[in-house]
2 protein chains.
Amino acid sequence: MNAASDKLKHARDEFVGQWGALGTQWGINRTMAQIHALLMTSPEPRSTDDVMEELQISRGNAHTNLKELVAWALVRSVVRKGDRREYFEAEKDVWKIFTTVARERKRREIDPALGVLRRCAEESQDIDTPEGRAFYEQMRQLQEFVEFAANMADRVASMKHGFAVQMAARLLG
Amino acid sequence: MNAASDKLKHARDEFVGQWGALGTQWGINRTMAQIHALLMTSPEPRSTDDVMEELQISRGNAHTNLKELVAWALVRSVVRKGDRREYFEAEKDVWKIFTTVARERKRREIDPALGVLRRCAEESQDIDTPEGRAFYEQMRQLQEFVEFAANMADRVASMKHGFAVQMAARLLG
DNA sequence: CATCGATTTCAGTTTTTATTGAAAATCAAA
DNA sequence: TTTGATTTTCAATAAAAACTGAAATCGATG
């Protein structure tokens, strides 16, 4: 019977659609989030044409976002013997997804902020007025905090799942 | 002499501009990030007209983004006796900024994701095929992880600075 | 080295988001 | 109340981001 298959299709469509909407709220483009959702819940790798068909999007769009997901290391491309097409599969282990995202966001969001703060602190360190010193102090505090955050992100990104659970238990217990 | 004042103005402009650019990369609108940067480095609260002047933006834009920052609780409005205008000042304590952002992002990003995952898990829990069970399992694992993240966000958001430093030392040491 | 399926690029278009500026609403003081 | 300063809203516009579709490129195979 096919009720189960229909129900699954419905549930997956729901997930893909909703995940896309969430992505938008997080500043991630909708298509990229949808493809990620689709691949995370696909038992088999999918071709570009598969993805185009499933999400009703153009080739260019599918291509760009698949490559972007590969750049994030959330998706890898696989080749099948005797098939010239490229297939894509998503990492499904949630802890690995998390550490990957942590690493990538550190690189894309935290590190550049650190650069800005360091330069601004440097630039303001010998402005010898009360306002200048206050500005310098603020830069320093932001810098220190972001350095701390960078450090944490590195630690977390390199944690093994087991250790993280253990630490969480200690922290949450 | 005025070299110090010029240098400070230059450094602040640098910071405001760069912070705005970073904001864009993080999916935050540029004006909002710029206003935040400006207020974080202003010794005195600023009026809407102040902000318009400083960033060369329209009244509507300044107004909207100031209110948005107030909604995020990163900025509060203050009244000065004998002055009808509204002034705005930013929270400057980096730890408070962090906990505020953590709380707000949990509410805006994590909680909605949890809703989606719970519904999708619910909807798929009795699809009695291998594919259906795999889908359900994936939803469950994502849900569990996001619940864990929500929990962590709550803990972190309610931490006192001192405790956080202590914990960090333990974690990083 | 010519063919053909597949991938990549990109100019043009659509959609979404941000911004302006002026009109409307608010509100304290005269 | 009326006045005038201030805040708020919002239709119009501008800017940015996402998407399309087709042409160009690539690369394995005969």
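Here is how names work: the chains are called A, B, and so on, in the same order as the sequence lines, proteins then strands, and each is numbered from 1. Below, each value reflects all heavy atoms present in this structure, side chains not excepted, and no hydrogens, waters or symmetry copies.
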Engineer: Please tell me if Arg59(B) has a side-chain N or O lying less than 4.0 Å from either OP1 or OP2 of dG21(C).
Structural biologist: no

Engineer: Within this structure, what is the CH2-to-P distance between Trp26(B) and dA17(D), rounded to whole angstrom?
Structural biologist: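 Taking atom P of dA17(D) as the reference, CH2 of Trp26(B) is at 16 Å.
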
Engineer: Tell me: CG of Leu66(B) to P of dT6(D), nearest whole Å?
Structural biologist: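 Atom CG in Leu66(B) sits about 16 Å away from atom P in dT6(D).
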
Engineer: Going by distance alone, is a donor N or O of one side chain under 3.5 Å from an acceptor N or O of the other, for Ser58(A) and Asn61(A)?
Structural biologist: no

Engineer: Considering non-hydrogen atoms only, spot the tightest contact between Lys92(A) and Ser42(A) and give its length.
Structural biologist: NZ-O, 2.5 Å

Engineer: Are OP1 or OP2 of dA18(C) and a side-chain N or O of Asn61(B) less than 4.0 angstrom apart?
Structural biologist: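 The answer is no; no side-chain N or O of Asn61(B) sits under 4.0 Å from OP1 or OP2.
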
Engineer: Expressed in angstrom and rounded to an integer, what is the separation of Met52(B) atom CE from dT7(D) atom P?
Structural biologist: 11 Å

Engineer: For Thr31(B) and dA18(C), is the shortest distance between a side-chain N/O and OP1 or OP2 below 4.0 Å?
Structural biologist: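 No, because none of the side-chain N or O atoms of Thr31(B) sits under 4.0 Å from OP1 or OP2 of dA18(C).
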
Engineer: Is Asn29(A) near enough to dT16(C) that one of its side-chain N or O atoms lies under 4.0 angstrom from OP1 or OP2?
Structural biologist: no

Engineer: May I have the distance from Leu55(B) (atom CG) to dT20(C) (atom P), rounded to whole angstrom?
Structural biologist: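 Between P of dT20(C) and CG of Leu55(B): 10 Å.
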
Engineer: With a 4.0 Å cut-off on heavy atoms, is Thr64(B) in touch with a base, just the backbone sugar-phosphate, or nothing at all?
Structural biologist: nothing

Engineer: Tell whether Arg84(A) reaches the base of dG5(C) with its side chain through a donor-acceptor pair below 3.5 angstrom.
Structural biologist: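 Yes, the side chain and the base share a sub-3.5 Å donor-acceptor pair.
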
Engineer: Is the NZ or CZ atom of Arg46(A) both under 6.0 Å from the centre of the six-membered ring of Tyr87(A) and within 45° of that ring's axis?
Structural biologist: no

Engineer: Return the minimal non-hydrogen interatomic distance between Arg140(B) and Ala121(B), and the atom names on each side.
Structural biologist: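 In this case the closest contact between Arg140(B) and Ala121(B) is CD-CB, 4.4 Å.
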
Engineer: Asp50(A) has an atom CG; how far is it from atom P of dT7(C), in whole Å?
Structural biologist: 12 Å

Engineer: Take Tyr87(A) and Arg30(A), find for each the nucleotide of DNA chain C with the closest heavy atom, and name the residue whose nucleotide sits nearer the 5' end.
Structural biologist: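 Result: Tyr87(A).
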
Engineer: Once you round it to whole Å, what is the distance between C1' of dT7(C) and CG of Asp83(A)?
Structural biologist: 14 Å

Engineer: At less than 4.0 Å, is any side-chain N or O atom of His63(B) found next to OP1 or OP2 of dT7(D)? Yes or no.
Structural biologist: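 False: His63(B) side-chain N/O out of range (4.0 Å or more) of dT7(D) OP1/OP2.
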
Engineer: Calculate the interatomic distance between Lys81(A) atom NZ and dA28(D) atom C1'; express it in whole Å.
Structural biologist: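 It works out to 19 Å between those atoms.
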
Engineer: Expressed as a whole number of angstroms, how long is the span from Ile57(A):CD1 to dG21(D):C1'?
Structural biologist: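 Whole-Å distance recorded here is 13 Å.
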
Engineer: For Asp49(B) and for Gly27(A), find the nucleotide of DNA chain D with the closest heavy atom, then tell me which residue's nucleotide is more 5'.
Structural biologist: Asp49(B)

Engineer: Less than 3.5 Å apart, any donor N or O on the side chain of Ser77(B) or Glu86(B) sitting next to an acceptor on the other?
Structural biologist: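 Glu86(B) and Ser77(B) do have a side-chain donor-acceptor pair below 3.5 Å.
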
